K.L.:
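Sending over a structure as structure tokens; questions will come in a sec.
Every value quoted in this text rests on a predicted model; they were computed, and no experiment measured them. To find a chain, count down the sequence lines: A is the first, B the second, and so on, and within it residues start at 1.
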Amino acid sequence: MMDILVSWLQQGFKFAGFLALAALGEMIIEKSGSLNLGTPGTMCVGAASGFISVFLYANSVAAPNPLVLILLALTVAFLSAMLMGLVFGFFTVTLRINQNVIGLIMTIFGTGLAKFLSDFFVKTESGNARCQAAFEVFTAKIPFLSDSLGIVSKVLFNYGFLFYLTIVIAIGAWLFFKKTRTGLNLRAVGENPATADAAGISVTRYKYLASCIGSGLVGVAGIFCTMEFKSGAWAVADIDSIEAFGWLAVALVIFALWKPINLLWGSLVFSICYWAYMYLPQMLGITVSDDLAQMLPYIITILVLIVINLRKSRENQGPAALGLAYFREER
Amino acid sequence: MSNTSVAAKKPPLFHIVGRGRGQLPFYQAWGIRLGAFALALILNAVFVYLVVGVDPITFYQTMLKGAFGKGFLWPTIKTSAKLLCIAVALAPAFKMRFWNIGAEGQVLVGGIAAAVVMFYFSDLPAVVILLLMMIVSLVAGALWGVIPAFFKAKMNVNETLFTLMMNYIAMNLVNFFYDLWKGPKTALGKINQSTHAGWLSSLWEKRDANGYLIRGEESLFTNSDFWFVVIICVVAVLMYFYLKYTKQGYEIAVVGESSNTARYAGISVKKVILRTMILSGAICGLCGFLVVSAQSNTVSVSMAGGYGFTAIIVAWLSKFNTFTMAGVSVLIVALEQGAAQMANEYNFMGFSVAAADVMIGIMLLFIVGSEFFIHYKVMFRKSSKEVAAV
């Protein structure tokens, strides 16, 4: 019983980690007033490019350097995803095209590109690949903490460094939004771009930067998913599930009410629901349909959407100008 | 005045000016779009040349063969029809500025509703079961569309996010029934494989005393795909007239322009939102019914094939004109089918089917991006000589 609970929590934390990071990236973009529906595609591009880079590197040298593996995967994933964000920014901010339309195109393009790159570079007979060396460095456990605290170690200290980095980034983002001038400016751009513009804040620059940095984080979440959750294994079919996780991250932003700290526990709630069907039968003897269980996060998100509109508390609403384009001449 | 102060007040390199309403003549706007289309074709050719080394002429010959060649034309037409059907369904919602991102889900629930009837009421006469399937599909699709609309109309809940979530509920619902019906088998296969109950073809199929199919003459009128395309074309034409020439269509346009104007004019905005989303969802449901009864005869999450999302771009790009939608749908599907043919012939050189989405992405970005140059013009800073001349 306890064992099952522990492995459920482990699965939940593993899943929650990259989900929170992806949602954090999307949240930063949304704070600037852009709803980037290209997030799933961006995540696929990050995962594919990051994996391919370490896969090719690890196969080309006899003993891959751990530090190079980490830097290579993270840099490539971040930069490639950032390019996706740059394209999104260019079309929505400079060319003023509708965000939903561009976002959906970026998702079609991104998943296609990820699959194409994967087909092109990862040529194994079965189409499946694995990068053991990268998997080992990405999931290296913290010494002492990960083995000497009994159940606490098993549940909380059983993950690679990206997991803890995500927590740090989430807290950092919270401080950034709350305590810094730049964070305040960013929120102002998302709430009321015309006022922000009048106050001398460069709306264009903030939207571009938010889109690039946020997308970069989404890309890192992609490689995080591959290394930690998928244990360093890769197949073209995985891209479809990463895309689905990307949409889940978009939902998570709403569930967390656009607050970084809420992501930390919100992502766990999502993943516990999402994987309930695997563990409940063994624990309580109830059979749960996996399909119906995986519906739960979306239903909860809808309920949250309705409730925040019912309560009309401005604290918990999304950015007021979310999804709206801003043109100085047309205000 | 010294030079430095002039430099400090230098205006930006360029600025962007709106063209206002209808300033750009029809032919210029289409010239810009065609230019963007041509640029995308060139960029795609460069991409293919760099990646697999196929020269542009061979590349586009293969693409054309795969899209419109002998034996390939019909698949292109019927797939385009599916995309067109969803885009047509979205047209009234988008004209009303209601961001219905949930078409994928609305098609799926339409399809699953039809399949439920097909699965559990297979004893009914052919006409009755098909009618029943159609009705429940329309209702299911409409329901899936009207739920977010209700919350939008009543409490102004963000419809983009709401409809997006509804997609995934629908997908899991389809998976649920799929797994339920599949049982221990590895795949579901076609539903009612032996009786063809609920298949569109059962309307004209004849059986002998033992229940075996009699092979009759094959003509266009005994072809499910033909009727699939015909029905969708009829819906598209009707939608064109509905939006353009009816009072309801006009109300949609007014609400889309400004809900305040609509309110002052005495239009009940809530009623229009609900009515339009019922219509939009119902046509998506119809698409689900048509796919299940006339094409796949089974259910799966790939029933809508991601076209629920692609159709959003098609509808937006076509400015709610259903005839333009038909053209854009054919273009996108032709790219897909052409790329499939490329992948077939050049797979050994590293060209995979996934390249289709890359090429479609590039194409769409260019065409959508060209809208900017139709609505705005870029004014470059005048050089100092020109300023002096003025």
K.L.:
Taking F121(A), F120(A), F91(A) one by one, which has the highest count of heavy-atom pairs under 4.5 Å against chain B?
P.N.:
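Heavy-atom pairs under 4.5 Å are most numerous for F91(A).
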K.L.:
Heavy-atom distances under 4.5 Å only: say whether S352(B) touches chain A with side chain, backbone, both or neither.
P.N.:
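S352(B) touches chain A through backbone and side-chain heavy atoms alike.
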K.L.:
Hey, which of T310(B), I101(B), I169(B) has the most heavy atom pairs under 4.5 Å with chain A?
P.N.:
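Of T310(B), I101(B), I169(B), I169(B) has the most heavy-atom pairs under 4.5 Å with chain A.
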K.L.:
Using ring-ring contact (aromatic ring centres under 6.0 Å, His included) as the criterion, list what pairs up with Y346(B), not counting sequence neighbours.
P.N.:
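Per chain and number, Y346(B) pairs via ring-ring contact (aromatic ring centres under 6.0 Å, His included) with no residue.
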K.L.:
Under a 4.5 Å heavy-atom cut-off, does chain A meet the side chain of F47(B), its backbone, both or neither?
P.N.:
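The answer is the side chain of F47(B).
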K.L.:
Quick check: are there more than 12 heavy atoms from other residues, nucleotides or ligands sitting under 6.0 Å from NZ of K154(B)?
P.N.:
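Counting other residues, nucleotides and ligands, NZ of K154(B) stays at 12 neighbours or fewer.
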K.L.:
What distance separates S370(B) OG from I97(A) CD1, expressed to the nearest 0.5 Å?
P.N.:
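The CD1 atom of I97(A) is 7.5 Å from OG of S370(B), to the nearest 0.5 Å.
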K.L.:
With chain B as the partner chain, list the residues of residues 43-53 of chain A whose heavy atoms fall under 4.5 Å from it, by residue number, and write 'none' if nothing qualifies.
P.N.:
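Checking residues 43-53 of chain A against chain B gives no residue, so none.
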K.L.:
Kindly list each side-chain donor-acceptor pair under 3.5 angstrom involving residues 355-363 of chain B, sequence neighbours excluded, with atom names and distances?
P.N.:
none

K.L.:
Based on non-hydrogen pairs under 4.5 Å, which of V52(B), N158(B), L164(B) is most in contact with chain A?
P.N.:
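Highest number of pairs under 4.5 Å: L164(B).
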K.L.:
Non-hydrogen atoms of chain A under 4.5 Å away: do they reach the side chain of V51(B), the backbone, both or neither?
P.N.:
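Both parts, backbone and side chain.
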K.L.:
Report which part of N98(A) has an atom under 4.5 Å of a heavy atom belonging to chain B: side chain, backbone, both, or neither.
P.N.:
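When you check distances to chain B, atoms from both the backbone and side chain of N98(A) fall under 4.5 Å.
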K.L.:
Parallel, tilted or perpendicular: which fits the ring planes of W247(A) and Y168(B), with parallel below 30° and perpendicular above 60°?
P.N.:
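W247(A) and Y168(B): tilted rings.
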K.L.:
As an exercise: rank L117(A), I254(A), L248(A), I239(A) by heavy-atom pairs under 4.5 Å with chain B and give me the winner.
P.N.:
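Ranked by contacts with chain B, first place is I254(A).
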K.L.:
Minimum heavy-atom separation for M155(B) and L310(A), please, with both atom names.
P.N.:
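Between these two residues, the closest heavy atoms are SD-CD2, 3.6 Å.
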K.L.:
Tell me, for N175(B) versus chain A, whether the close heavy atoms (under 4.5 Å) come from the side chain, the backbone, both or neither.
P.N.:
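Both parts, backbone and side chain.
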K.L.:
For E336(B), which residues count as a salt bridge (charged side-chain N to carboxylate O under 4.0 Å, His left out) partner, sequence neighbours excluded?
P.N.:
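For E336(B), no residue satisfies salt bridge (charged side-chain N to carboxylate O under 4.0 Å, His left out) once neighbours in sequence are set aside.
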K.L.:
Which answer fits L37(A), side chain, backbone, both or neither, if we ask what part of it has an atom under 4.5 Å from a heavy atom of chain B?
P.N.:
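It is the side chain, since no backbone atom gets that close.
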K.L.:
Provide the closest heavy-atom pair for G112(A) versus A354(B) in the form atom of the first, atom of the second, distance.
P.N.:
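Nearest heavy atoms, G112(A) then A354(B): O-CB, 3.6 Å.
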K.L.:
Do I312(B) and N100(A) make a side-chain contact, defined as non-hydrogen atoms from C-beta onward lying under 4.5 Å apart?
P.N.:
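In short, these two side chains do not touch, never coming nearer than 4.5 Å.
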K.L.:
Side chain, backbone, both or neither: which part of I105(A) has a non-hydrogen atom closer than 4.5 Å to chain B?
P.N.:
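When you check distances to chain B, atoms from both the backbone and side chain of I105(A) fall under 4.5 Å.
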K.L.:
Is there a side-chain contact between F162(B) and I306(A), using heavy atoms and a 4.5 Å cut-off?
P.N.:
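Touching, per the 4.5 Å side-chain cut-off.
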K.L.:
With side chains defined as the heavy atoms from C-beta onward, is the minimum distance between L161(B) and L35(A) less than 4.5 Å?
P.N.:
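A side-chain contact under 4.5 Å exists here.
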K.L.:
Under 4.5 Å between any side-chain heavy atoms of V353(B) and K115(A), yes or no?
P.N.:
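With C-beta onward as the side chain, the pair stays apart.
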K.L.:
Is there a side-chain contact between Y298(A) and N172(B) (heavy atoms, below 4.5 Å)?
P.N.:
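Answer yes - side chains close enough.
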K.L.:
Using heavy-atom distances under 4.5 Å, tell me whether I102(A) contacts chain B through its side chain, its backbone, both, or neither.
P.N.:
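Side chain of I102(A) only, per the 4.5 Å heavy-atom cut-off to chain B.
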K.L.:
Taking the side chain as everything from C-beta on, heavy atoms only, tell me whether I108(A) gets closer than 4.5 Å to I313(B).
P.N.:
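With C-beta onward as the side chain, the pair touches.
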K.L.:
Roughly how far, to the nearest 0.5 Å, is the CE atom of M165(B) from the CG atom of L305(A)?
P.N.:
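So the CG of L305(A) and the CE of M165(B) are separated by 7.5 Å.
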K.L.:
Side chain, backbone, both or neither: which part of L296(A) has a non-hydrogen atom closer than 4.5 Å to chain B?
P.N.:
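It is neither, since no heavy atom gets under 4.5 Å.
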K.L.:
Find out whether T107(A) and F309(B) are in side-chain contact, i.e. whether some heavy atom of one side chain is under 4.5 Å from a heavy atom of the other.
P.N.:
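SC-SC contact between T107(A) and F309(B) ruled out.
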K.L.:
Go through I302(A) and I147(B) one step at a time and tell me if the side chain to side chain contact (heavy atoms under 4.5 Å, CB included) criterion holds.
P.N.:
CA-CA 11 Å; I302(A) 288 179; I147(B) 293 171; over 6 Å; no
